[in-house]
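As the structure is a prediction and not an experimental result, all values here were calculated from the model. When a ligand or atom number is given, it counts from 1 through the structure's own listing order.
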Amino acid sequence: MAERGKCLIENEVNGLQTDVLIIGGGVAGLTLALKLVKRRVNVTIVEKDPTLGRTYKGELIQPKTISIFKKMGLLETLNQDWRPLQEIRAKEVVDDRILVDATMSYRVLEQGEDYAAMMPHNLLKKRLLDEAQTFPTFTLLRPAVFEKMESAHKAIVRMDKERAVIKSQFVIGAEGVASKLRSYMNVDFKRKFYNHDFLTVSFPSPESLTKGEMIGTPKRFLGLFPLPEGRVRSVYLIKKGEFKEWRKGSIQKFYSHYTSLMPELEGFVHQVPSWREIQLMVPVRLNVRRYVDRNMALLGDAAHSVHPMAGEGMNMAIQDADVLGELIADLFEAGREEKVDELKQYEHVRKKRVRFLTALSHVSALMYGIGGEKWQRARALAILRLVQREVLQGKYMYNVSGLGMWGPSLLDGLQVIGLGKGQLRRQTMKQKTFSRLDDYPWQK
Ligand SMILES: Cc1cc2nc3c(=O)[nH]c(=O)nc-3n(C[C@H](O)[C@H](O)[C@H](O)COP(=O)(O)OP(=O)(O)OC[C@H]3O[C@@H](n4cnc5c(N)ncnc54)[C@H](O)[C@@H]3O)c2cc1C
């Protein structure tokens, strides 16, 4: 029920007092907890799932997230668990014709962590949890369901059939898209669904697959990303609702969709034994109007959800946790934990970055989500320009990396239509890269 760091028996949970109560032990909640306990803040996580979860929930770790883990002293462990990813090849095919075959690289960043990494989601959670549990100020209540707030500092949590009150200075909603704390905070949000879904599954990889691969056709998209231990993660775009029909037929249909786009997958994708292994991913874009209310804050998917095309959701969740964790730990260290108004600094730093990345993911979603040959030709041209013009590739990789924000310019537009040849100004990239004071402005 309650796990080490601090070990509690059930009847000690009622009336438990903690500095920070985190609802949800996903990547956001666990990263936040680890940041805080490392600085001796008392943390309790309430997690309803008795396990670390079994579903796929993203595996691509972007450079900014890698730099956060590095600062948290986790790089040595994670280096052994993940597979670095430097290049992504984008191919557009129509019938047997290749319209474009181009490779983008994180190396264009030429600074800090100029690579991404692939790591199973649940293994990342395990590493964060294992580390947090070495600290005596960490408590995990699991399985335990957060039900509601009795007041801003008192949460009602159900374990088995018992209800307990937990008192806390700060309460953080890290419970994913269906956040109950968000409702209590009475926070509005905007939500958008898309006209397509994705299927995702991992299977043993052919040795020839060493880069990320994205293959587009007028109607389809297949993404392949090498994982550790000789496996590959695949994502396949389908029309909304199509999966239900597909599942009624033989799985051979699924295999042939893959092998028609990449014949090397013959014999590999066939190791997916049944439809049951294949997960449906329904993309949603969600942004809340505010992240903070008094002593409460929303984190990760509870505050924003993003189309998965640019691989940002998990990264934004971890990057939120980095900023919020630093802020709360600083407040406790300075004895200013009563100044709950200061939580707004977290929203101030994160909200504009999140909006920027959700917009970028939305554009990537439109690029692949709209079907037809004309649209595909336009997409092929955009991909071609992206690799031909260093400045376009540099800006794109820089923005998805999370290292900074570098918005589009008129000159970029001209380059996409083939006019002008701008150089990538590395100096500008460095200047725009988020510094410690950009991430934690209150430390001035
Ligand atoms: C299929 C899929 C594929 C994805 N692919 C990618 C990708 O490639 N790259 C990427 O960066 N992101 C990806 N994402 C997004 C990414 O998974 C999320 O953005 C990220 O997991 C958000 O983390 P979180 O901790 O905020 O929320 P979650 O991971 O949703 O964690 C919330 C936790 O809260 C718990 N919880 C919920 N309600 C309660 C309650 N009432 N009481 C107690 N506990 C509760 C849940 O059990 C869960 O453990 C994907 C998501 C999905 C679903």
TODO: Could you tell me whether Asp301 and ligand 1 have an N or O pair separated by under 3.5 Å?
DONE: yes

Task: Of Leu34, Thr44, Leu129, Asn42, the residue whose pairing with Phe138 passes side-chain contact (heavy atoms from CB on, under 4.5 Å) - done: Leu129

TODO: Among all protein heavy atoms, pick out the one at the shortest distance from atom 27 (O) of ligand 1; state its residue, atom name and that distance to 0.1 Å.
DONE: Gly176 CA, 3.8 Å

Task: Identity and distance of the protein heavy atom lying nearest atom 10 (C) of ligand 1 - done: Met314 N, 3.3 Å

Open item on the list: Would you say that more than 12 heavy atoms from the other residues, nucleotides or ligands in this model lie under 6.0 Å from the NZ of Lys192, or not?
Closed with: yes

- [ ] Return yes when Ala174 approaches ligand 1 closer than 4.0 angstrom through a heavy atom, no otherwise.
- [x] yes

TODO: Number the atoms of ligand 1 from 1 as they appear, then name those within less than 4.0 Å of a heavy atom of His121, with their elements.
DONE: 21 (O)

Task: Aromatic ring pairing Phe198/His196, orientation class (parallel under 30°, perpendicular over 60°, tilted between) - done: perpendicular

Open item on the list: Below the 3.5 angstrom mark, is there an N/O of Gln279, backbone or side chain, next to an N/O of ligand 1?
Closed with: no

- [ ] Determine whether any heavy atom of Met316 lies closer than 4.0 Å to an atom of ligand 1.
- [x] no

TODO: Would you mind running through ligand 1 and noting each atom that sits below 4.0 Å from a heavy atom of Asn315?
DONE: 11 (O)

Task: Candidate with minimal heavy-atom separation from atom 9 (N) of ligand 1, of Gly311, Pro143, Gly402 - done: Gly311

Task: Backbone of Met104 reached by a side-chain donor or acceptor of Glu87 within 3.5 Å - done: no

TODO: With heavy atoms of Phe146 as the reference, note each atom of ligand 1 found under 4.0 Å away.
DONE: 40 (C), 41 (N), 42 (N), 43 (C)

- [ ] Assign the ring pair Tyr255 / His270 to parallel, tilted or perpendicular, where the plane angle (0 to 90°) is split at 30° and 60°.
- [x] tilted

Task: Nearest candidate to atom 51 (C) of ligand 1, where distance is taken over non-hydrogen atoms, out of Arg233, Lys57, His307 - done: Lys57

Task: Under 3.5 Å donor-acceptor, Arg231 side chain and Ser202 backbone - done: yes

Open item on the list: Do the side chains of Arg39 and Glu333 get close enough for a salt bridge, i.e. N-O under 4.0 angstrom?
Closed with: yes

Open item on the list: Under a 3.5 Å distance rule, please check whether Ser234 uses its side chain to pair with a backbone N or O of Val201 as donor and acceptor.
Closed with: yes

- [ ] Describe, in one word, how the ring planes of Phe254 and Tyr236 are oriented to each other, choosing from parallel (under 30°), tilted (30 to 60°) and perpendicular (over 60°).
- [x] perpendicular

Open item on the list: Test your reading of the structure: does Val145 have an N or O sitting under 3.5 Å from an N or O of ligand 1?
Closed with: no

- [ ] Run the numbers for me: atoms of ligand 1, each under 4.0 Å from some heavy atom of Gly300, listed by number.
- [x] 26 (O)

Task: Side-chain donor-acceptor contact under 3.5 Å, Ser305 with Arg285 - done: no

- [ ] Assess whether atom NZ of Lys180 is packed by more than 12 heavy atoms of other residues, nucleotides or ligands within 6.0 Å.
- [x] yes

Task: Contact check: Glu47 vs ligand 1, nitrogen or oxygen atoms, below 3.5 angstrom - done: yes

- [ ] Measure the distances from the heavy atoms of Ala144 to every atom of ligand 1 and state whether one is below 4.0 angstrom.
- [x] yes

Open item on the list: Quick check on salt bridge (charged side-chain N to carboxylate O under 4.0 Å, His left out): which of Arg289, Arg182, Arg290 does Asp188 satisfy it with?
Closed with: Arg289

TODO: Report the nearest protein non-hydrogen atom to atom 3 (C) of ligand 1: residue, atom name, distance rounded to 0.1 Å.
DONE: Tyr56 CE2, 3.3 Å

TODO: Would you tell me which option among Gly26, Ser361, Gly58 has the nearest heavy-atom contact to atom 4 (C) of ligand 1?
DONE: Gly58

Open item on the list: Check contact between Val27 and ligand 1, using heavy atoms of the residue and a distance below 4.0 angstrom.
Closed with: yes

- [ ] Look at the aromatic rings of Trp275 and Phe243 and report parallel, tilted or perpendicular, splitting at 30° and 60°.
- [x] perpendicular

- [ ] Would you mind running through ligand 1 and noting each atom that sits below 4.0 Å from a heavy atom of Ala28?
- [x] 24 (P), 25 (O), 26 (O)

Task: Closest approach of any protein heavy atom to atom 38 (N) of ligand 1, naming residue and atom - done: Glu175 CB, 3.4 Å

TODO: Using a cut-off of 6.0 Å, state whether more than 12 heavy atoms not belonging to Gln443 lie near its atom CD.
DONE: yes

- [ ] Can you pull out the closest protein heavy atom to atom 34 (O) of ligand 1? Residue, atom name and distance to 0.1 Å, please.
- [x] Gly24 CA, 3.2 Å

Open item on the list: Classify the ring geometry of Trp82 against Tyr115: parallel below 30°, tilted from 30° to 60°, perpendicular beyond 60°.
Closed with: perpendicular

TODO: List the closest protein heavy-atom neighbour of atom 1 (C) of ligand 1: residue, atom name, distance to the nearest 0.1 Å.
DONE: Met281 CG, 2.8 Å

TODO: Check each atom of ligand 1 against the heavy atoms of Val46 and keep those under 4.0 Å away; list them by number with element.
DONE: 43 (C), 44 (N)

Open item on the list: Please report whether ligand 1 has a polar contact with Ala317, defined as an N or O pair separated by less than 3.5 Å (distance criterion only).
Closed with: no

Task: Protein heavy atom at shortest distance from atom 45 (C) of ligand 1 - done: Lys48 CG, 3.7 Å

